[in-house]
Amino acid sequence: MSVNNGLSDETYNTLRAEFIDWIDTELTAMEQCIDEGTSDTFVSSEQDSTTVRLMRMAHNIKGSGSAFGFSTVATISHRMEDFMSATSIDLTDLQYRETLLKFIDEMRRVSELASEPNEAESLAIVRALPNSTEYKLNQDSENADLNLAQGKEVLIVSPSKTISAITRKVCESLKHRVTASRNGTEALALAMNMKPDIIIVSTVLTGISGPDLTRALSNMHAIKDIKIILISNLEANHPDLADIPEKVDIINQSGDFPMALFRLLQQF
């Protein structure tokens with residue numbers, strides 16, 4: 001008898017089957033939330049409560065997907081959460097609704113496979129998802145035909161909304177596609193599933209410290225070529241920074257760190 005998350009195979013497989021049925025119900029409920037925006041009676045006062053429901057369901061799918069071996073579904077739901085957090089939500093807008101439905105369609109398609117895609121397939125799915133950078137740029141007609149192919153995939157890891165927002169703005173100014181996480185442990189899973197080109201990490205995190213996260217990422221063979229940046233609020237001689245891997249670039253949070261980050265990112 002093998003064990004999955006402390007459960008026997010029989011129990012685990014039963015719960016996994018129940019998860020597949022449950023996620024179909026959740027995705028249908030999410031679609032219904034989005035469809036509310038098409039109603040002539042939908043008013044702005046309803047948007048907040050509908051948004052909260054959508055975010056809550058995406059968050060629940062992310063947690064359950066991770067627990068039952070659907071890491072691709074978990075990553076898609078995280079990307080949907082992040083997209084909604086980084087954009088001006090407007091469920092009355094057709095383009096916005098269609099963008100959200102793309103996330104839901106992919107989650108349903110993967111969950112209906114009843115098994116996790118292989119690494120290459122999963123990465124292709126994640127890389128093809130909508131992103132806030134592209135969406136924001138396309139809101140301006142002057143950028144309608146802009147090619148973002150040269151942009152990088154960036155993962156920002158910071159519990160600070162301010163640091164995360166500033167870092168995202170710098171990355172988006174360079175046309176990079178951004179995903180944010182507030183948790184170091186979650187970021188490890190995202191790094192493996194997304195294979196970002198660049199990971200930007202704050203010193204203070206929950207679950208694992210920023211310096212420890214950079215050490216862990218540097219030692220993971222599957223993502224050994226990823227560029228890692230640590231935004232530090234520590235003195236240069238602080239013991240926590242003593243054995244940071246050489247491949248990690250450190251930017252001090254004090255002073256004009258957005259410009260320092262911009263200049264560093266231009267080098268990649």
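Closest non-hydrogen pair, Val157 versus Leu205, comes out as O-CD2, 3.6 Å. Closest approach of Tyr96 and Thr87 over heavy atoms only: OH-OG1, 2.8 Å. Smallest separation of non-hydrogen atoms from Leu265 and Cys171: CD1-SG, 3.9 Å.
The closest donor-acceptor contact from the side chain of Asp197 to the backbone of Glu153 lies under 3.5 Å. Panel note: side chain His176, backbone Ile198; no donor-acceptor pair is recorded below 3.5 Å. Formation of a donor-acceptor pair under 3.5 Å by the Lys62 side chain with backbone atoms of Met57 is not found in this model.
More than 12 heavy atoms of other residues, nucleotides or ligands sit less than 6.0 Å from atom CZ of Arg127. In the displayed structure, His59 atom NE2 is contacted under 6.0 Å by at most 12 heavy atoms of other residues, nucleotides or ligands. Heavy-atom contacts from other residues, nucleotides or ligands closer than 6.0 Å to NZ of Lys161 number 12 or fewer. Enclosure of atom CD in Gln95 by more than 12 non-hydrogen atoms of other residues, nucleotides or ligands within 6.0 angstrom is indicated.
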(request) Mind running salt bridge (charged side-chain N to carboxylate O under 4.0 Å, His left out) on Lys175 and Glu134 for me, showing each step along the way? (result) CA-CA 8 Å; Lys175 311 301 185 290; Glu134 183 177 29; over 6 Å; no
(message) Show, in sequence, the C-alpha distance, side-chain angles and deciding distance for Arg168 and Ser132, and conclude whether the side-chain hydrogen bond (donor to acceptor under 3.5 Å, both in side chains) test is met.
(response) CA-CA 10 Å; Arg168 183 187 288 272; Ser132 59; 3.0 Å; yes
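Residues Thr99 and Leu101 have side chains not in contact (no heavy-atom distance under 4.5 Å, counting atoms from C-beta outward). For the pair Asp225/Ile223, no side-chain contact is recorded, criterion being any heavy-atom separation below 4.5 Å from C-beta on. Annotation: side chain of Val73 is not in contact with side chain of Phe68 (no heavy-atom distance under 4.5 Å).
Between Tyr135 and Phe83, the ring planes are perpendicular. Angles over 60° get that label, and only those under 30° would be called parallel.
For the pair Arg108 and Glu26, the salt-bridge criterion is not met [side-chain N within less than 4.0 Å of a carboxylate O]. A salt bridge does not link Arg177 to Glu172: none of the charged side-chain nitrogens sits closer than 4.0 Å to a carboxylate oxygen.
Neither side chain, Ser164 nor Arg182, offers a donor N or O lying under 3.5 Å from an acceptor on the other. In this model, a donor atom of one side chain and an acceptor atom of the other lie less than 3.5 Å apart for Thr50 and Arg53. Side-chain contact, Ser254 with Asn252: a donor N or O sits under 3.5 Å from an acceptor N or O.
Hydrophobic clustering (side-chain heavy atoms under 4.5 Å, transitive across Ile, Leu, Val, Met, Phe, Trp, Tyr) keeps Leu94 apart from Ile89.
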